[in-house]
Colleague: 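Here it is, the structure, as structure tokens.
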Amino acid sequence: MTASNQQQINDWNGPVGERWLTYNEWLDERTAAYGRAAFDAAAVRPGEAVLDIGCGAGATSFELARAVGAGGSVIGVDVSEPLIGRARDRAQPLGLPVEFRLADASAPLFPPQSFDLLFSRFGVMFFDDPVAAFTQLRKTLKPGGRLAFACWQEPAKNDWYVLPLNAIGGIVEQAPIDTQAPGPFNFSDPQRVQRILSEAGFEQIELKPFQAPFYCGRGDTREAVAEDALEQVFRVGPISRLLAAQSEEIRERATAAIRAALAGIATEQGIEVGGATWVVTARSP
Ligand SMILES: C[S@@+](CC[C@H](N)C(=O)[O-])C[C@H]1O[C@@H](n2cnc3c(N)ncnc32)[C@H](O)[C@@H]1O
């Protein structure tokens with residue numbers, strides 16, 4: 001029996017999902033390199049059946065569908081109604097072998113041995129009970145079937161997330177980042193990922209590091225570069241939510257502190273704030 005995942009279902013149907021919907025195209029651009037690294041590791045072949053876990057607005061499902069071709073099939077599954085709605089809208093003109101399901105990916109949705117490949121770009125770190133979820137998912141793989149996904153490494157290696165948090169350390173009280181709880185860093189500890197996947201019955205588990213800039217400030221002057229990056233900080237990550245609960249005065253001070261931190265690393269060529277991921281691969285026996 002899997003846990004309920006209710007908090008994440010609420011978040012991804014609430015303000016977090018709304019932000020991902022608003023900045024959908026920008027997020028697809030910013031996460032493309034990480035997704036591409038997992039896609040390359042997945043070695044998708046024509047004719048295969050693929051499940052895209054936590055597919056969001058569908059960008060990776062479309063890439064997978066192009067790779068499997070007309071003889072294959074891709075199902076994107078996600079708990080977020082607005083994001084699945086966007087994925088379905090985007091799919092319509094494309095004529096690809098892809099369909100989308102609004103559902104919790106950890107639920108028993110598919111018959112055993114349905115898929116050749118389970119894939120995800122940042123969609124697997126949100127299960128209340130990851131071992132139960134991955135056990136259920138593994139059963140849907142054919143014998144020898146593959147798992148390939150991208151997830152974030154530890155917060156300290158992800159400036160896109162921690163740089164703005166560090167900048168407002170003395171202004172806004174922050175709970176420590178809980179890497180054991182569902183959230184972006186829940187799969188950041190490689191030993192924990194090994195344990196979860198091996199308890200879920202996977203074999204040949206490998207994690208390879210992959211890094212790329214996450215957001216990039218651009219502009220004609222250092223101030224303009226910092227301002228561009230500042231706007232991106234509010235699109236994704238913890239800052240919008242953290243500051244929403246604060247007074248106007250605190251919000252202004254915090255915003256000024258983040259702007260100053262960004263200005264400190266801005267050059268006239270721009271700013272690139274990095275992200276570090278694991279590309280995780282494994283097989284079903
Ligand atoms: C960080 S977003 C990534 C979305 C997409 N893969 C992409 O790269 O654009 C995480 C996604 O996982 C979805 N998600 C969270 N928990 C889920 C669950 N239990 N089952 C299915 N999807 C889930 C969220 O709704 C969200 O769309």
Side-chain angles (χ1 to χ4, degrees), residues 8 11-12 16 19-20 23 26-39 41 53-54 56 59-60 120-127 130 148-194 196 206-218 225-226 228-243 254-255 257-267 270-281:
Q8 292 295 326
D11 286 352
W12 288 100
V16 183
R19 250 189 303 136
W20 273 69
Y23 298 116
W26 177 81
L27 281 160
D28 277 344
E29 250 174 57
R30 300 320 324 153
T31 55
Y34 312 110
R36 172 54 59 178
F39 184 90
I53 303 162
T60 50
S120 186
R121 180 176 79 183
F122 301 131
V124 293
M125 306 91 86
F126 303 98
F127 300 122
F149 64 80
C151 60
W152 297 110
Q153 291 189 38
E154 61 187 277
K157 293 201 172 141
N158 278 289
D159 274 347
W160 69 272
Y161 197 93
V162 294
L163 182 146
L165 284 181
N166 291 341
I168 62 171
I171 303 170
V172 178
E173 207 178 309
Q174 301 165 33
I177 300 166
D178 183 356
T179 57
Q180 306 294 304
F185 298 105
N186 196 20
F187 273 32
S188 56
D189 173 357
Q191 277 157 8
R192 183 175 144 81
V193 175
Q194 286 274 356
I196 289 168
E206 283 186 29
L207 287 83
K208 293 205 173 119
F210 176 81
Q211 301 197 12
F214 185 64
Y215 55 79
C216 305
R218 295 283 181 261
V225 165
D228 184 38
L230 180 70
E231 205 239 315
Q232 296 176 48
V233 165
F234 279 86
R235 291 182 177 184
V236 68
I239 294 299
S240 285
R241 184 190 278 213
L242 199 57
L243 295 191
T255 304
I258 299 169
R259 182 184 288 113
L262 292 167
I265 57 166
T267 70
I271 303 179
E272 293 196 340
V273 183
T277 60
W278 296 118
V279 172
V280 181
T281 52

Colleague: Which word best sums up how the rings of Phe214 and Trp160 line up, parallel for under 30°, tilted for 30 to 60°, or perpendicular for over 60°?
Modeller: tilted
Colleague: With no hydrogens and no angle check, is any side-chain donor or acceptor of Asn186 less than 3.5 Å from a backbone partner on Phe126?
Modeller: no
Colleague: Give a yes or no on whether Arg241 atom CZ has more than 12 heavy-atom contacts from other residues, nucleotides or ligands under 6.0 Å away.
Modeller: no
Colleague: Looking only at heavy atoms, which two atoms of Ala38 and Val279 are closest? And how far apart?
Modeller: CA-CG1, 3.9 Å
Colleague: Mind listing the closest non-hydrogen atom pair of Val225 and Ala266 along with its distance?
Modeller: CG1-CB, 3.9 Å
Colleague: List the steps and the verdict of side-chain contact (heavy atoms from CB on, under 4.5 Å) for Thr281 and Lys208.
Modeller: CA-CA 9 Å; Thr281 52; Lys208 293 205 173 119; 6.0 Å; no
Colleague: Hey, can you tell me if Trp20 and Trp12 have their rings parallel, tilted or perpendicular (30° and 60° cut-offs)?
Modeller: perpendicular
Colleague: Might you point out which heavy atoms bring Arg192 and Pro130 nearest each other, and give the distance in Å?
Modeller: NH2-CG, 4.1 Å
Colleague: Could you walk me through whether Ile53 and Phe127 pass the side-chain contact (heavy atoms from CB on, under 4.5 Å) test, one step at a time?
Modeller: CA-CA 11 Å; Ile53 303 162; Phe127 300 122; 4.2 Å; yes
Colleague: Quick one, Thr60 with Thr31, criterion side-chain contact (heavy atoms from CB on, under 4.5 Å). Give me CA distance, side-chain angles, the key distance, then yes/no.
Modeller: CA-CA 10 Å; Thr60 50; Thr31 55; over 6 Å; no
Colleague: Search all heavy atoms of Pro164 against all heavy atoms of Asp159 and return the closest pair with its distance.
Modeller: CD-O, 3.6 Å
Colleague: Which heavy atom of Ile271 sits nearest to which heavy atom of Ile265, and what is that distance?
Modeller: CG2-CD1, 3.7 Å
Colleague: May I have the step-by-step check of salt bridge (Lys or Arg N to Asp or Glu O under 4.0 Å) for Glu272 and Arg218, ending in yes or no?
Modeller: CA-CA 9 Å; Glu272 293 196 340; Arg218 295 283 181 261; 3.0 Å; yes
Colleague: Could you pull out the closest heavy-atom pair between Gly183 and Gln8, with the gap in Å?
Modeller: N-NE2, 4.4 Å
Colleague: For Phe187, run the side-chain contact (heavy atoms from CB on, under 4.5 Å) check against Thr277, Val124, Leu207 and tell me which one passes.
Modeller: Val124
Colleague: Take Gln174 and Ile168 through the side-chain contact (heavy atoms from CB on, under 4.5 Å) test and state the conclusion after the steps.
Modeller: CA-CA 9 Å; Gln174 301 165 33; Ile168 62 171; 3.5 Å; yes
Colleague: Measuring from Ile171:CD1 to Leu242:CG, what's the distance to the nearest 0.5 Å?
Modeller: 11.0 Å
Colleague: What distance separates Arg30 CZ from Gln232 CD, expressed to the nearest 0.5 Å?
Modeller: 6.5 Å
Colleague: Tyr161 pairs by ring-ring contact (aromatic ring centres under 6.0 Å, His included) with which of Trp152, Tyr215, Phe185?
Modeller: Phe185
